[in-house]
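Every chain is numbered from 1 and lettered A, B, ... according to where its sequence line falls, protein lines coming before strand lines.
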Protein chains: 2
Amino acid sequence: MTWRVHVRILPRKGLLDPQGQAVEHALSALRFPEASNVHVGKAIALDVSAGTAAEAEARVRTICDQLLANPVTEDFEIEVAAGASP
Amino acid sequence: MTWRVHVRILPRKGLLDPQGQAVEHALSALRFPEASNVHVGKAIALDVSAGTAAEAEARVRTICDQLLANPVTEDFEIEVAAGASP
């Protein structure tokens, strides 16, 4: 079975996020002052072959730990899409 | 009230996504052949002041349409976090 998995990788809290700050300042200057605490990171979507959703998530967690996310500066969240395609 | 909103911006389907292809090839070469159809985009998290979750989402949709996403090449999804902070 194939699962669609979404990963969100964001700078760890407390670390500098110049890209997020730049977006926040730009939004504030461009008529959107209600946005604050902006952070910018990476979104990754992938299909994973696995028996169960839990297996797919575990596999993607391993991938993120080892390859996709920087363990020193980034945190990530994994979301397995409910409607997995066959 | 302040809502935590997550935005996921990904290359539109059918368009070239060289970064996604690079990650897919790297994963395949690095002992993760079960990953396929990989796409890489931007994850943005922000706090939005709004009366309701629907208002917050509408506001972020406007921001994405006008500023954060490229309407020609990118699609985005908005998710208002249930547990909004005060």
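- Only the side chain of Val23(A) comes within contact range of chain B, with heavy atoms under 4.5 Å apart.
- The nearest pair of heavy atoms linking Leu27(A) to Ala35(A) is CD1-CB, 3.8 Å.
- A salt bridge links Glu79(B) and Arg8(A); the closest N-O separation between the charged side-chain nitrogens and carboxylate oxygens is under 4.0 Å.
- Neither the backbone nor the side chain of Glu24(B) comes within contact range of chain A, judged by heavy atoms closer than 4.5 Å.
- Taken from CD in Glu34(B) to CD in Glu55(A), the straight-line distance is 10.5 Å, to the nearest 0.5 Å.
- With respect to Glu57(A) and Arg61(A), a salt bridge is recorded, a charged nitrogen being found less than 4.0 Å from a carboxylate O.
- The contact between Ile44(B) and chain A is made by backbone and side chain atoms together, counting heavy-atom distances below 4.5 Å.
- Looking at Leu10(A), the atoms closer than 4.5 Å to chain B (heavy atoms on both sides) all sit in the side chain, from C-beta outward.
- If you tally non-hydrogen atom pairs under 4.5 Å between each of Val7(A), Leu68(A), Val48(A) and chain B, the highest count goes to Val48(A).
- Summarising the geometry of Arg12(B) relative to Val72(B), their closest heavy-atom pair is NH1-O, 3.6 Å, with the distance given to 0.1 Å.
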